[in-house]
Protein chains: 2
Amino acid sequence: MLELRLVQGSLLKKVLESIKDLVNDANFDCSATGFSLQAMDSSHVALVALLLRSEGFEHYRCDRNISMGMNLNNMSKMLKCAGNDDIITIKADDGSDTVTFMFESPTQDKIADFEMKLMDIDSDHLGIPEAEYHAIVRMPSSEFGRICKDLSSIGDTVVISVTKEGVKFSTRGDIGTANIVCRQNTTVDKPEESTIIEMQEPVSLTFALRYMNSFTKATPLSSTVTISLSSELPVVVEYKIAEMGYIRFYLAPKIEEDEEETKPQV
Amino acid sequence: MLELRLVQGSLLKKVLESIKDLVNDANFDCSATGFSLQAMDSSHVALVALLLRSEGFEHYRCDRNISMGMNLNNMSKMLKCAGNDDIITIKADDGSDTVTFMFESPTQDKIADFEMKLMDIDSDHLGIPEAEYHAIVRMPSSEFGRICKDLSSIGDTVVISVTKEGVKFSTRGDIGTANIVCRQNTTVDKPEESTIIEMQEPVSLTFALRYMNSFTKATPLSSTVTISLSSELPVVVEYKIAEMGYIRFYLAPKIEEDEEETKPQV
DNA sequence: GACACATGTG
DNA sequence: CACATGTGTC
């Protein structure tokens with residue numbers, strides 16, 4: 001028996017909006033710790049890891065560990081039927097092949113339940129090793145989203161370079177080149193508007209903008225984003241989910257040869 | 001000679017927005033009583049009945065009963081040229097085959113007149129019998145609109161079931177099932193936010209969501225909607241038009257056999 | 001032209 | 001958060 005009651009239902013709606021374009025089907029894993037998901041994107045290039053800790057739920061009952069395979073598009077369709085301030089409860093009976101989403105309006109005058117078939121999904125559950133990162137950039141999520149969107153109108157890849165002074169996002173395409181530098185600024189009153197760089201050593205890595213732009217769909221979940229970079233390691237783009245956990249996107253850098261391919265012939 | 005002056009011109013604009021997708025051509029009937037329309041939708045499944053009583057007009061002159069056939073799409077195009085707070089006057093000379101819409105801006109600084117050709121339309125004017133309804137539900141029109149929209153992302157038909165406790169809207173489709181229950185709540189301060197159920201006996205009927213979603217285009221006309229249901233009778237979805245009348249949509253329930261077709265095979 | 005999306009306002 | 005508005009897409 002599983003019963004998870006989330007007062008801030010809009011959180012779950014936003015989580016689905018941010019991953020449904022990346023991943024078609026995925027297993028949600030439920031344990032005493034929390035509600036989590038780990039999945040590769042459909043082209044097996046990026047990885048998304050979600051954690052919603054049990055403490056963040058108003059009511060959390062999970063009698064035994066359970067993995068529920070869902071079609072994220074269908075799940076998203078159902079969650080769209082929840083109001084933004086509805087309370088969402090996820091229910092599953094033991095041995096059932098369905099999951100039920102219950103939406104309660106704040107006034108309790110409207111109660112909806114949506115039942116969805118579960119799927120069997122091969123879970124390629126990868127252990128994600130803890131890693132040391134050469135550079136960690138924290139910046140406003142909206143700014144990062146804007147940068148990725150802007151750069152993708154010029155080129156297909158972004159080079160993210162971190163130095164002590166700041167972080168530089170660069171691209172090049174047929175019509176020209178673009179460089180956007182964000183200086184470290186910790187002096188702002190509001191911490192969520194500051195850009196903070198923790199750097200062990202300079203790093204410069206290239207990524208496909210297509211995936212970055214997919215990751216930034218999580219922008220509504222957090223006002224800040226954390227980008228962790230190390231040579232040879234996948235970048236981690238993390239959006240913290242207040243009081244509950246996080247959603248993290250992993251993407252391997254393009255190696256130099258790949259990058260060359262996308263450059264226009266001179 | 002016909003001359004109808006409507007101070008709140010936006011009303012007429014909204015009326016046309018709410019029926020032009022349903023009905024292509026229709027006769028507007030004008031008599032001493034008021035300005036009315038009754039027409040089947042283009043696929044002859046639903047019926048729309050509009051009444052704007054003469055008392056609701058600032059000036060109402062209709063020397064003799066007249067029926068004016070109009071292409072609602074063209075009429076809507078012209079009304080879109082009126083500002084939302086323009087005063088609209090509808091004019092027709094006796095024996096003329098045109099109608100004139102005059103728009104006066106509130107400041108009287110702009111006066112526009114649009115002349116439109118009338119059409120000859122076979123009016124399949126059905127007498128609509130008064131009926132006793134097993135259940136009458138009044139609820140916020142926005143909520144009804146939202147429910148129909150949400151359910152149509154899951155299935156094609158909606159089962160509306162009324163009991164003393166509330167009204168339930170259900171659907172099923174390939175991806176799962178959905179039930180939305182609205183409890184009766186008369187206790188709210190604002191009467192337009194309450195859900196009121198007058199029930200003689202429980203009723204449960206199935207309707208095509210496609211038409212319901214068309215009806216809910218009338219939502220801007222009224223903050224509440226009234227849904228009148230009886231077994232074997234078409235449902236009436238009514239939006240009252242303040243001080244003037246109503247727009248009513250009639251839709252026959254699907255019989256059980258039709259409903260089965262849409263269910264997924266088990 | 002309808003619909004979905006994004007944005008600004010109450 | 002709901003609503004209205006404007007824009008882009010199909």
Side-chain angles (χ1 to χ4, degrees), chain A residues 6-14 16-18 20-21 73 76-88 103-110 112 140-146 148-150 152-153 213-214 216-221 223 242, chain B residues 8-11 13-25 41-43 46 70-86 139-154 156 182 188-190 192-195 209-225 239:
Chain A
L6 181 63
V7 174
Q8 201 182 341
S10 60
L11 250 170
L12 195 61
K13 285 164 64 89
K14 289 177 192 165
L16 259 103
E17 283 310 297
S18 65
K20 78 168 165 48
D21 293 338
N73 234 312
S76 166
K77 271 188 192 173
M78 293 193 165
L79 291 181
K80 275 187 180 157
C81 301
N84 273 325
D85 47 3
D86 280 3
I87 297 164
I88 297 183
F103 310 141
E104 299 167 70
S105 71
T107 58
Q108 301 283 327
D109 290 328
K110 189 169 86 174
S141 59
S142 58
E143 192 167 334
F144 178 63
R146 175 67 193 262
C148 292
K149 177 170 156 283
D150 285 350
S152 60
S153 74
N213 275 313
S214 194
T216 60
K217 297 233 160 69
T219 302
L221 280 166
S223 58
Chain B
Q8 200 182 340
S10 62
L11 255 174
K13 285 164 64 87
K14 288 177 192 165
V15 163
L16 260 102
E17 284 308 299
S18 64
I19 57 178
K20 79 168 164 48
D21 292 337
L22 203 59
V23 180
N24 292 329
D25 308 306
D41 85 289
S42 14
S43 51
M70 306 197 198
N71 176 297
L72 298 191
N73 234 311
N74 294 342
M75 180 175 172
S76 166
K77 276 185 190 170
M78 292 194 164
L79 291 181
K80 276 186 178 156
C81 304
N84 273 326
D85 46 6
D86 280 4
M139 62 189 296
S141 58
S142 58
E143 191 168 332
F144 178 63
R146 172 71 193 262
I147 288 169
C148 291
K149 179 169 154 287
D150 282 350
L151 291 188
S152 58
S153 76
I154 310 289
D156 298 325
C182 297
V188 225
D189 300 340
K190 304 178 182 171
E192 70 268 21
E193 286 178 16
S194 61
T195 298
L209 277 166
R210 178 181 149 220
Y211 290 100
M212 286 291 171
N213 275 314
S214 193
F215 301 164
T216 59
K217 296 229 159 72
T219 301
L221 281 166
S222 173
S223 59
T224 62
V225 63
Y239 296 83

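Note on naming: letters A, B, ... go to the chains in the order of the sequence lines (proteins, then strands), and numbering restarts at 1 for each one.
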> D:dC3, C:dG1, D:dA2: which one has an atom nearest the side-chain heavy atoms of A:D85?
D:dA2
> In whole angstrom, give the distance that lies between atom CG of B:L72 and atom C1' of C:dG1.
15 Å
> Would you check, one step at a time, whether the test side chain to side chain contact (heavy atoms under 4.5 Å, CB included) holds for B:D156 with B:R210?
CA-CA 7 Å; B:D156 298 325; B:R210 178 181 149 220; over 6 Å; no
> Mapping B:K77 and B:K149 to their closest nucleotides on DNA chain C, which lands nearer the 5' end?
B:K77
> How many whole angstroms separate atom CG of A:N84 from atom C1' of C:dA6?
14 Å
> What is the distance, rounded to the nearest whole Å, between atom CZ of B:R146 and atom P of D:dC3?
10 Å
> Can you find a heavy atom in the side chain of A:D86 that is under 4.5 Å from one in the side chain of A:S105?
yes
> Touch check for B:K80, heavy atoms < 4.0 angstrom, all strands: base, sugar-phosphate only, or nothing?
nothing
> What is the distance, to the nearest angstrom, from the NZ atom on A:K14 to the P atom on C:dA6?
14 Å
> From the list C:dG1, D:dC1, D:dC3, which nucleotide is the closest neighbour of the side chain of B:N73?
C:dG1
> Can you list everything that forms a salt bridge (charged side-chain N to carboxylate O under 4.0 Å, His left out) with A:K217? Sequence neighbours excluded, please.
A:D21
> Using whole Å, report how far CE of B:M75 lies from P of C:dG1.
16 Å
> Out of D:dC3, C:dG1, D:dA2, which has the shortest distance to the side chain of B:K20?
C:dG1
> At less than 4.0 Å, is any side-chain N or O atom of B:K217 found next to OP1 or OP2 of C:dC3? Yes or no.
yes
> Between atom CG in A:L11 and atom P in D:dC1, what is the gap in whole Å?
11 Å
> Do A:K80 and B:D150 come within less than 4.5 Å of each other through their side chains, counting heavy atoms only?
no
> Figure out the CG/P separation between B:N213 and C:dC3, and round it to whole Å.
9 Å
> Could you state the atom-to-atom distance from CD of B:E17 to P of C:dC3 in whole Å?
11 Å
> So, do B:F144 and B:T219 sit near enough that their side-chain heavy atoms are less than 4.5 Å apart?
no
